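Working notes, beginning with the structure itself.
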Amino acid sequence: SSLASYVVTKNHVIVNLLEDVASRLVEWTLPQGDEPWAMRELPNVVAGGKGSISVSSLSDPALANDPLANAYTINYADFLTPDAYYLAEAGGNERTRLKSLPARFDAAGMRSEQSFVASKDGTRIPYFVVYPKGVNTSDAKAGKALPTMLYGYGGFRQPQRPFYSGSWGSAWLELGGVVVVANTRGGGEYGPNWHQAAQKANRFKAHDDFIAIAEDLIKRGITTPQQLGIYGGSQGGLLVGAVATQRPELFGAVVSAVPLLDMRRYHRLLAGNSWMGEYGDPDKPEEWAFISQYSPYHNIRPAAQQAYPRWLITTSTRDDRVHPGHARKMVARLKAQGHPVLYYENIEGGHGGAADLAQRADLSALQFAYFWAQLGGR
């Protein structure tokens with residue numbers, strides 16, 4: 001577990017913990033006199049749900065006679081539940097639902113579960129699987145494999161917690177696809193140590209974790225290599241680029257969005273110099289020695305030696321964080337080596353790849369149309 005956040009009310013401290021990548025609330029009560037602090041578990045916002053919670057206080061607890069001095073708010077979401085906003089009172093269990101976002105897809109009959117797999121070095125790696133309607137574990141055991149999108153990030157201490165996505169639900173889950181979210185090292189799922197475990201010379205551990213999840217999905221019969229697509233953006237674009245060059249036989253599709261791919265020059269492009277604490281300095285021979293082992297641009301082999309799934313690489317001309325040169329050079333290298341590749345560069349949008357919701361919808365539609373075409377089923 002790790003500390004996600006906390007709020008202070010007049011008589012309580014509400015601690016928001018991230019435990020095995022799901023939120024859990026604990027309440028500590030201010031002692032009276034010589035009494036010790038009292039701790040109690042708070043009930044889940046959604047019974048049995050593994051979701052993401054954020055908490056906020058409503059007032060300054062030091063203000064006298066403030067009726068909201070012990071009140072706080074909770075925001076809850078998971079893969080199948082849109083964000084909902086609740087009013088809570090410290091010292092009790094009652095929550096009043098104030099408002100929520102509308103459902104963007106029909107989640108009836110869908111379900112999500114959390115699984116764990118041993119990575120190459122034995123570390124226990126969590127991941128979430130979200131199944132479409134009418135699919136259960138026995139279906140996988142019976143060989144009813146499905147098109148599956150495996151998403152990952154794995155860097156900068158950013159935990160990949162459960163979240164609600166209308167586009168993933170409507171363009172993938174409702175049409176019969178499986179969603180998987182990886183919680184590799186490099187993120188913040190278990191605090192600073194989880195992040196530091198995949199920095200610099202140990203960056204390969206995030207790749208090993210992602211590969212272990214892919215292998216487990218195939219072993220469990222949830223999907224097959226021909227039906228498994230991987231997706232990541234920015235650092236996640238580097239993650240999927242690295243594993244796709246290392247183990248291309250595991251995947252039928254690769255979407256690398258606004259990615260880092262040329263790790264020899266990343267530190268000379270835009271904001272890249274500020275990321276050397278994460279990846280290392282490629283100008284130092286001893287650090288380029290380990291960076292070069294996974295830099296996607298430098299590990300593409302000719303088509304006569306190695307086949308790759310047809311990639312989709314997307315970027316933005318206006319990206320001011322990860323230079324579009326990463327994507328452009330990778331596409332040129334793949335083509336030069338005889339590999340099929342698809343490329344989309346939006347002239348607007350910055351690092352998000354889209355300047356407004358209409359462009360975001362177009363980009364999502366493009367990515368999912370590609371996944372369906374590559375992985376079958378549509």
Side-chain angles (χ1 to χ4, degrees), residues 1-101 112-116 123-128 153 156-164 181 183 185-199 277:
S1 63
S2 63
L3 175 65
S5 63
Y6 68 91
V7 295
V8 177
T9 71
K10 184 176 182 179
N11 298 312
H12 304 82
V13 177
I14 310 300
V15 179
N16 183 16
L17 296 174
L18 193 61
E19 189 168 89
D20 280 336
V21 207
S23 295
R24 180 170 68 91
L25 295 181
V26 173
E27 179 185 271
W28 290 84
T29 302
L30 183 70
Q32 301 298 317
D34 295 331
E35 296 177 3
W37 282 83
M39 186 273 282
R40 70 185 185 99
E41 296 273 347
L42 294 179
N44 204 328
V45 177
V46 174
K50 280 184 172 288
S52 298
I53 287 175
S54 60
V55 290
S56 301
S57 57
L58 289 176
S59 68
D60 182 349
L63 293 177
N65 303 318
D66 186 343
L68 296 177
N70 274 314
Y72 63 100
T73 59
I74 301 171
N75 190 89
Y76 177 89
D78 60 38
F79 293 112
L80 302 175
T81 307
D83 291 70
Y85 196 54
Y86 297 85
L87 176 65
E89 185 79 12
N93 293 334
E94 184 177 350
R95 284 85 178 259
T96 302
R97 182 167 164 168
L98 302 176
K99 59 174 64 177
S100 67
L101 293 177
S112 64
E113 68 178 22
Q114 187 180 42
S115 296
F116 296 84
T123 302
R124 186 172 177 257
I125 308 300
Y127 65 94
F128 291 99
Y153 185 77
F156 295 95
R157 199 179 165 184
Q158 295 299 311
Q160 300 309 297
R161 302 193 295 169
F163 60 93
Y164 186 82
V181 175
N183 299 118
R185 282 170 287 184
E189 285 83 351
Y190 293 100
N193 289 342
W194 196 251
H195 169 222
Q196 294 162 8
Q199 283 185 301

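All values reported here derive from a predicted model rather than from experimental measurement. We number each residue from 1, following the sequence as shown. Worth knowing before you read on, the calculation uses all heavy atoms, side chains too, and leaves out hydrogens, waters and symmetry mates.
- Put simply, the side chain of Asp83 never gets that close to the backbone of Tyr164: no donor and acceptor are under 3.5 Å apart.
- Considering all non-hydrogen atoms of both residues, Asn44 and Gly49 come closest at ND2-O, 2.6 Å.
- Under 3.5 Å, the side chains of Gln160 and Asn183 contain no donor-acceptor pair of N or O atoms.
- Here Phe79 and Phe163 bring their ring centres to under 6.0 angstrom of each other.
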Candidate pair Tyr86 and Tyr76, rule ring-ring contact (aromatic ring centres under 6.0 Å, His included), full reasoning
CA-CA 8 Å; Tyr86 297 85; Tyr76 177 89; 7.5 Å; no
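- Not counting sequence neighbours, the partners of Ser2 by the side chain to side chain contact (heavy atoms under 4.5 Å, CB included) test are Leu18.
- The nearest pair of heavy atoms linking Ile14 to Ala90 is CD1-CB, 4.3 Å.
- Counting non-hydrogen atoms of neighbouring residues, nucleotides and ligands closer than 6.0 angstrom, the OH atom of Tyr6 reaches no more than 12 such neighbours.
- For Pro36, the side chain to side chain contact (heavy atoms under 4.5 Å, CB included) test picks out no residue, with sequence neighbours left out.
- Residues meeting the side chain to side chain contact (heavy atoms under 4.5 Å, CB included) test with Glu89, sequence neighbours left out: Asn70, Ala71.
- With hydrogens and angles ignored, the 3.5 Å screen pairs no side-chain donor or acceptor of Glu27 with any backbone N or O of Val13.
- Checking Arg40 against Asn93 by side-chain atom types alone, a donor-acceptor pair falls below 3.5 Å.
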